[in-house]
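No experiment lies behind these values; they were computed from the predicted model shown. Heavy atoms only: backbone and side chains are in, while hydrogens, waters and symmetry mates are out. Start at 1 with the first residue, then count along the sequence.
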Amino acid sequence: MKNILVCKNCTADNPLFAYTCKKCYAFLRAKIPNIDFWNILALLLESPVRATENIIQSDHKNYIITLSIILGIKISINAWVINNALLLSNTIANNFVISIVIGLCGFLLGIAFVSLLAVYTAKFLNIQTRFKDFFSIYIYSFIPVVVLFVFITPIQIALFGTYWFTFNPSPFIIKNIPSYIITVIEGVFFLWSFFLTIIVNYTQIRKILFAFCFSIIQLIIIGFIIFLSLYLFHIMN
């Protein structure tokens, strides 16, 4: 099944994001001016493919900037925690704000890069797509991580204070069982984001195995760019 809209008037194939037929200019679907945020959240649970299609077909990609910043901060915090837990760099550990800003920039650069890569990959497969659609659906695929930031991060701070982030001492020493429970919850939500990444890639490409492998490559690239940005900050200081 291809990622197309078939015109009912002339049977021409059109890209999924098209509103009118490129051949006869007939309307192909209902117009979606804006993303209905709460409806999209519900659809991501009920029908992720349909949620992805709605995001692609929306004229305005609402909340993308806000979600991008929240995601970048959360993922950068996690990268900072990993650095502190593994004692990788004192420079990074001692510069929280700068590390988060660099991590945020790395995350946005990573998302932009994999979105561009996805566009050219789809083009290679003869599928017409747009950069802004890939960027938007990738951001929305990280919605579970946004939930972590909004609901779990305050719990981490309430239970452990700054120790959860600095690992000085380790939160697993302070409160063993709660630490493992929170870690498992974070792992489950990140796996959920990975699952959604596969779904959004499948919605555009319509090849499930390819979508799975491509999603793994994308997450590796994003993680690599974030840690590379932090590493460059480390060696320059």
Steps toward side-chain hydrogen bond (donor to acceptor under 3.5 Å, both in side chains) verdict (Ser89, Asn83)
CA-CA 7 Å; Ser89 167; Asn83 172 80; 4.6 Å; no
_Does any part of the side chain of Leu148, heavy atoms only, come nearer than 4.5 Å to the side chain of Thr153, both counted from C-beta?_
no
Is there side-chain contact between Val200 and Ile55, with heavy atoms separated by less than 4.5 Å? no
- Task: List the steps and the verdict of ring pair (Phe, Tyr, Trp, His ring centres under 6.0 Å) for Phe134 and Tyr138.
- Result: CA-CA 6 Å; Phe134 271 114; Tyr138 289 150; 5.7 Å; yes
Hey, does the Lys NZ or Arg CZ of Lys31 hover above the aromatic six-ring of Tyr19, less than 6.0 Å from the centre and inside 45° of the axis?
-> yes
Quiz item: Under the 6.0 Å and 45° cation-pi test, does Arg130 pair with Phe17?
Solution: yes
For Cys10 and Cys24 the tightest heavy-atom approach is SG-SG, 3.6 Å
Residues Phe135 and Ser68: closest non-hydrogen pair is CE2-OG, 3.9 Å
Review point. Does the ring pair (Phe, Tyr, Trp, His ring centres under 6.0 Å) test come out yes or no for Trp192 and Phe195, once each step is laid out?
Key: CA-CA 5 Å; Trp192 184 11; Phe195 168 75; 8.7 Å; no
Q) Yes or no on salt bridge (charged side-chain N to carboxylate O under 4.0 Å, His left out) for Arg29 and Glu53, after CA distance, side-chain angles and deciding distance? A) CA-CA 12 Å; Arg29 56 175 175 82; Glu53 291 175 348; over 6 Å; no
Q.
For residues Leu43 and Trp38: do they belong to one hydrophobic cluster (side chain heavy atoms under 4.5 Å, members Ile, Leu, Val, Met, Phe, Trp, Tyr)?
A. no
Start with the C-alpha distance between Asn14 and Gln128, add both sets of side-chain angles, then the distance that settles side-chain hydrogen bond (donor to acceptor under 3.5 Å, both in side chains), and finish with yes or no.
CA-CA 9 Å; Asn14 293 272; Gln128 188 176 352; over 6 Å; no
query = When you check the gap from the basic side-chain N to the acidic O, do Asp133 and Lys61 get nearer than 4.0 Å?
reply = yes
In terms of the angle between their ring planes, are Phe214 and Phe210 parallel, tilted or perpendicular, with boundaries placed at 30° and 60°?
parallel
Checklist entry - So Trp80 and Phe165, ring pair (Phe, Tyr, Trp, His ring centres under 6.0 Å) or not? Walk me through it. => result CA-CA 8 Å; Trp80 191 68; Phe165 309 100; 7.2 Å; no
